[in-house]
Amino acid sequence: MDNRPIGFLDSGVGGLTVVREVFKQLPNEEVIYIGDSARAPYGSRPKEQVITFTKELVAFLLRKNIKMLVIACNTATAVALDTLKGQLDIPVVGVILPGSRAAIKATQQKQVSIIGTIGTVNSRSYTRAIGLKDDTINIFELACPKFAPLVESGELHSSIAKKIVAETLKPLKSFKHDVLILGCTHYPLLKPIIQNVVGEGVLLIDSGIETVSEVSVLLDYFDLSAAQLRTRQHRLYTTASVKLFKEIADDWLAHADFEVHHVELSDLLSTSN
Ligand code: DGL
């Protein structure tokens with residue numbers, strides 16, 4: 001048994017899609033989350049910068065005494081997971097392998113498309129991860145750089161969001177797919193719009209759901225699960241506006257009980273918080 005919290009990081013609110021699954025699948029666990037909305041989106045930033053920012057967020061979470069780290073961001077997973085795994089003495093989980101496994105399991109036609117940020121698509125991480133397990137699957141990757149900013153600004157159901165999603169996903173029309181991986185943790189917040197554009201015949205994979213199943217397995221394997229029936233205080237931190245973050249979190253995490261705090265970028269590296 002280990003009652004320390006699990007740490008989650010993302011460039012902004014996207015990782016809340018993973019946290020929602022934690023509340024569902026692992027209700028005894030306590031969550032510490034940091035979303036770097038002040039510097040989002042990460043997806044169009046150079047790789048080295050994403051690595052630096054990610055390490056800053058990890059250092060913040062480590063100071064909160066976490067027992068496991070979940071990189072709830074595909075862009076950061078693509079560039080920083082391997083390094084972090086080698087550097088930390090707690091289990092580290094990314095979102096790309098779980099999403100890939102789910103897609104392999106789900107595709108009947110062996111036709112899988114992936115949407116993600118420019119960074120994730122350029123890294124070809126999904127193509128590699130899927131290809132290593134099944135190289136008969138045809139893969140089409142598409143970058144959707146406008147989606148994360150839409151979500152960060154709280155545009156989840158508006159007509160602007162619908163228009164941008166429809167425009168951006170046009171290239172998918174020429175690819176016959178039965179499975180589409182939402183390869184950015186922000187995208188499940190746009191799921192109804194995306195589903196509407198690609199049609200009901202395409203199964204959308206939300207890597208958050210799969211990732212939390214992996215977290216659950218690792219908690220058992222390392223004997224790190226938290227005890228039942230104790231007080232938990234989930235804490236969500238944002239580097240930007242608490243108000244907007246809280247609005248999106250309240251909406252997305254429904255009735256969960258959590259605190260939202262602001263953290264200054266300048267404090268991210270200090271040892272006091
Ligand atoms: N949520 C992130 C991801 O899964 C990044 C979005 C962004 O900041 O560009 O890739």
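Indexing begins at 1, ligand by ligand and atom by atom, following the structure's order.
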I'd like a table of the close N/O pairs between ligand 1 and the protein (anything under 3.5 Å), one pair per line with both atom names and the distance.
residue, atom, partner, partner atom, Å
ligand 1, 1 (N), D10, OD1, 2.9
ligand 1, 1 (N), T185, OG1, 2.9
ligand 1, 1 (N), H186, ND1, 2.7
ligand 1, 4 (O), N74, N, 2.7
ligand 1, 4 (O), N74, ND2, 3.0
ligand 1, 4 (O), T185, N, 2.8
ligand 1, 4 (O), T185, OG1, 3.3
ligand 1, 8 (O), S11, OG, 2.6
ligand 1, 8 (O), Y42, N, 2.7
ligand 1, 9 (O), Y42, N, 3.3
ligand 1, 9 (O), G43, N, 2.8
ligand 1, 10 (O), N74, N, 3.3
ligand 1, 10 (O), T75, N, 3.0
ligand 1, 10 (O), T75, OG1, 2.6

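- For the pair R235 and F258, the cation does not sit on the ring face, since its NZ or CZ is not both under 6.0 Å from the ring centre and inside 45° of the axis.
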| request: Kindly indicate, with the supporting measurements, whether the criterion side chain to side chain donor-acceptor pair (under 3.5 Å) is fulfilled by D36 and S11. | output: CA-CA 5 Å; D36 193 7; S11 63; over 6 Å; no

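- Legend: residues meeting side chain to side chain donor-acceptor pair (under 3.5 Å) with S213, ordered by chain and number and at least two apart, are Q25.
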Listed pairs under 3.5 Å, donor-acceptor, residues 83-91 side chains, sequence neighbours left out:
none

| task | Could you give me the CA-CA distance, side-chain angles and deciding distance for H186 and E152, then say whether side chain to side chain donor-acceptor pair (under 3.5 Å) is met? | result | CA-CA 8 Å; H186 281 72; E152 283 295 318; 2.6 Å; yes

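- Under the ring pair (Phe, Tyr, Trp, His ring centres under 6.0 Å) criterion, F8 pairs with no residue at all, not counting sequence neighbours.
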